[in-house]
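See below for the structure under consideration.
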There are 2 protein chains.
Amino acid sequence: MATPKIEEFTNEEIFLADTAKALSHPARIKIMKLLSELNACVCGELVNLLPLAQATVSQHLKELKRVGLIQGDIDGPKVCYCVNVEMLQKVTSDFQNYFSKLNKREKISCKPKTK
Amino acid sequence: MATPKIEEFTNEEIFLADTAKALSHPARIKIMKLLSELNACVCGELVNLLPLAQATVSQHLKELKRVGLIQGDIDGPKVCYCVNVEMLQKVTSDFQNYFSKLNKREKISCKPKTK
DNA sequence: TTTCTCTATCGTATATTTGCGATGAACGAT
DNA sequence: ATCGTTCATCGCAAATATACGATAGAGAAA
């Protein structure tokens, strides 16, 4: 089974994991960066800026759209993609919160013989 | 091919994507949280705290260890896991930096007819 | 209408991920 | 030396992810 038993995890855990999954490929990390720098970008332009075929880029865009990090707006025959500001802010603050909690406790470390 | 053409991406993009991949499962999100809260944790205890079999938990721990987010130290027959503070701090600041750059530009949004 | 461009989706191939039972290795205890 | 505990790894099955060529559909342009 590749299906995780998500029913045992909290919504927050699932949300963070799902968002991390959307960012778990260099192409998608780069797409977010490009869309931010260019403010918005037509799909075909992204294809030129990435070492991937058009069909593959389209799939990566779909994954980012799935979690709401970007949105695509039809502009004639083209599609103009841009960052979804609200979602990006939510993701930013949720991860900031997650990491800051993780960073709180660690003072004592394990014993030295690392496996 | 499931192999991304990573040779075309920067080391930073690959690092962020790889770290996100390590956090792209609710169990691993939760393991980080548990290790932080408990300061350290024997593997068997994590198995009790997660809805997964021992073999599966061990695999998730391996993935987190792969990217250096945790370390496991042998304690007799048991293994004590804990957060790798240095790596966690690096990851935290790298993601903070990434997100803050993404948040800079978005003022103008796309046209309204979302696809 | 016909043609061209642009992009999403389909179909396919391959690789990876997820999960778990079973096994083995390491260690402490008896 | 033997047994029990703990955990990593193996082996397998099923689901996902990645990549791309081919195709379809929507619109612009002729």
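Keep in mind it's a predicted model, so treat the numbers as computed, not measured. Numbered from 1 within each chain, the chains take letters A, B, ... in sequence-line order.
Residue Val79(B) places its side chain closer to dA8(D) than to any other of dC20(D), dA8(D), dA19(D). Comparing dT6(D), dC20(C), dG27(D) against the side chain of Pro77(A) picks out dG27(D) as the nearest. Picking from dC7(D), dG21(C), dC20(D) the nucleotide with the shortest atom distance to the side chain of Leu52(A) gives dC20(D). For Cys43(B), whose side chain is taken as the heavy atoms from C-beta onward, the closest listed nucleotide among dC7(D), dT18(C), dG27(D) is dC7(D).
Arg28(B) places its CZ atom 15 Å from the P atom of dT16(C), with the value rounded to the nearest Å. The NE2-P distance, from His25(B) to dT16(C), rounds to 18 Å in whole Å. Protein atom CG of Leu64(A) is 16 Å distant from nucleotide atom C1' of dA8(C), rounded to whole Å. At whole-Å resolution of the value, CG in Leu50(A) and C1' in dA19(D) are 13 Å apart. Atom-to-atom, CD1 of Ile31(A) to C1' of dT18(D) comes out at 13 Å; the value is rounded to the nearest Å. As rounded to whole Å, 13 Å separates atom C1' of dC7(D) from atom CD1 of Ile70(B). When the C1' atom of dC6(C) is taken as reference, atom CG of Asn48(A) falls 12 Å away, rounded to whole Å. As rounded to whole Å, 11 Å separates atom C1' of dT16(D) from atom CZ of Arg66(A).
Within 3.5 Å, a donor on the side chain of Gln54(B) pairs with an acceptor on the base of dA8(D), or the reverse. Residue-to-nucleotide contacts include a donor-acceptor pair under 3.5 Å from the side chain of Gln59(A) to the base of dA19(D).
Contact check, Thr56(B) against dC20(C): a side-chain N or O comes under 4.0 Å of OP1 or OP2. Under 4.0 angstrom from either OP1 or OP2 of dA8(C) there lies at least one side-chain N or O belonging to Tyr81(A). Checking the phosphate oxygens (OP1, OP2) of dT7(C), no side-chain nitrogen or oxygen of Ser58(A) falls inside 4.0 Å. Close to dT17(C), at under 4.0 Å from its OP1 or OP2, lies a side-chain N or O of Lys21(B).
Side-chain contact between Asp94(A) and Thr19(A) is absent, with no heavy atoms from C-beta onward closer than 4.5 Å. You'll find the side chain of Glu8(B) stays beyond 4.5 Å of the side chain of Lys30(A), heavy atoms only. No side-chain heavy atom of Leu35(A) sits less than 4.5 Å from a side-chain heavy atom of Leu64(A).
Residue-level contact check: Val42(A) touches the backbone only, with heavy atoms under 4.0 Å from sugar-phosphate atoms and none from bases.
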Tell me which donor-acceptor pairs under 3.5 Å the side chains of residues 52-63 of chain A have, and how far apart each pair is, sequence neighbours excluded?
from     : atom 1 : to       : atom 2 : distance (Å)
His60(A) : ND1    : Arg28(A) : NH1    : 2.9
Glu63(A) : OE1    : Arg66(A) : NE     : 3.0
Glu63(A) : OE2    : Arg66(A) : NH2    : 2.8

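Nearest-nucleotide assignment on DNA chain D puts the 5′-proximal partner with Leu61(B), out of His60(A) and Leu61(B).
Taking OG1 from Thr10(A) and CZ from Phe15(A), the interatomic distance works out to 12.0 Å, rounded to the nearest 0.5 Å.
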